[in-house]
2 protein chains.
Amino acid sequence: MPGTPGEREESLDVIQRELTAFARRARAAAARLHPELPLVSYTLLAHIDDQQGCRATDLAAHYMLDKSTVSRQIGALEKLGLVERHPDPDDHRIQVLHPTEAGTQALAATQASRRAAYQERLADWTADDLSRFAAYLLRYNATGDAPQS
Amino acid sequence: MPGTPGEREESLDVIQRELTAFARRARAAAARLHPELPLVSYTLLAHIDDQQGCRATDLAAHYMLDKSTVSRQIGALEKLGLVERHPDPDDHRIQVLHPTEAGTQALAATQASRRAAYQERLADWTADDLSRFAAYLLRYNATGDAPQS
DNA sequence: GAAGTTCAGTTGTATAGTACAACGGAATTG
DNA sequence: CAATTCCGTTGTACTATACAACTGAACTTC
């Protein structure tokens, strides 16, 4: 469709702006909502739990983070007693991470309160709109999974 | 609506997860894309430009930032010669912000490269999908404009 | 119209999250 | 075994942020 270039650009600008606005607020909201489990730690912990045994390097690659950042975050999570490191018997360089009991528990609690917040916020959306919005976000993020520049 | 709780929850989880995933990467991507214009500064500058004369407090409210943060960011932008402050003649407390010539120019350049990145990323979306996605994001962010929790 | 209150913004201080660079030890490859 | 590559840590620095204390201007109320 070559007819409507302006409209397309406008939508792109809106998407860019609104996603960025969201990103800015997400941090603030996360900090307010769960003061004891920092945002990044939460995210990493969730990933560790999801993958059931991953390495620090995996986390760094997946989140586009420096390995030093991951190292410190993991250190913090370990100090909080939420993750454990197990040396890989085959390769001594590798530390396999997984959540402790407390980690799984903390994660569940955080997830619950997050879901409640979203629930309230999106209370007046129809299930149909929610599902379409979710689909768009999935599609958007999938596109960017292996980005560049 | 007690009928369809599962589907709704699932969508909520997806939205939550995907928005968070986006937020994670946004910073890294922005840092890579425009090393010279820091992410936050860019965002604030864009808002200032968009609103043609806004106050620091407006920015703080819109992005859920502390006024001190805004104050420093504006200070940085001013030092870079990208924004100017004009005292309001009617209310001496207020500083009306707007972009300088250089600010507008820097913004245009940054916006162009950002838009190009989004363009490429969203190349295979129809204009219709883009517009609906944009609308959802606007609605989502508007809902949260005056939140609490 | 002076005192108290609210509002806009700045500054001091502290913290999280991040990157980059330099390193250490372990594994792989020649 | 020497060189290289891989995983992780530590040192250092910087950005973004919050909270609290403050200044100064404008409203309120008597």
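Note on naming: letters A, B, ... go to the chains in the order of the sequence lines (proteins, then strands), and numbering restarts at 1 for each one.
- Taking the six-membered ring where the residue is Trp, A:Phe133 and B:Phe133 present tilted rings, their angle falling between 30° and 60°.
- Extent of DNA chain D lying under 4.0 Å from chain B heavy atoms, first and last nucleotide in 5' to 3' order, is D:dA16 to D:dA26.
- A:Trp125 and B:Tyr140 have perpendicular rings, their planes meeting at more than 60° on a 0 to 90° scale where under 30° would count as parallel.
- For DNA chain C, the outermost nucleotides in 5' to 3' order that have an atom under 4.0 Å from a heavy atom of chain A are C:dG17 to C:dA27.
- Between B:His92 and A:Gln95, the one whose closest nucleotide on DNA chain D sits nearer the 5' end is A:Gln95.
- Donor-acceptor pairing under 3.5 Å is lacking for the side chains of A:Thr100 and A:Glu84.
- Listed by first and then second residue, the ring-ring contact (aromatic ring centres under 6.0 Å, His included) pairs involving residues 67-91 of chain A are A:His86-A:His98 (not counting sequence neighbours).
- A pairwise comparison of heavy atoms in B:Pro99 and B:Thr104 identifies CB-OG1, 3.9 Å as the closest pair.
- Comparing A:Arg27 and A:Asp91, the nucleotide of DNA chain C nearest to each residue sits closer to the 5' end for A:Arg27.
- A heavy-atom distance below 4.0 Å to DNA chain C is reached by these residues of residues 65-75 of chain B, ordered by number: B:Lys67, B:Ser68, B:Ser71, B:Arg72.
- Side-chain contact check for A:Thr126 and A:Asp128: no donor-acceptor pair (N or O, by modelled atom type) lies under 3.5 Å.
- Considering only residues two or more places apart in sequence or on other chains, B:Ser71 meets the side-chain contact (heavy atoms from CB on, under 4.5 Å) condition with none of them.
- Annotation: salt bridge (charged side-chain N to carboxylate O under 4.0 Å, His left out) contacts of A:Asp49 (sequence neighbours excluded): none.
- Salt bridge present: A:Asp129 and B:Arg139 bring a charged side-chain N and a carboxylate O closer than 4.0 Å.
- Ring pair A:Tyr136/B:Tyr136 is tilted by interplanar angle, where 30° to 60° counts as tilted.
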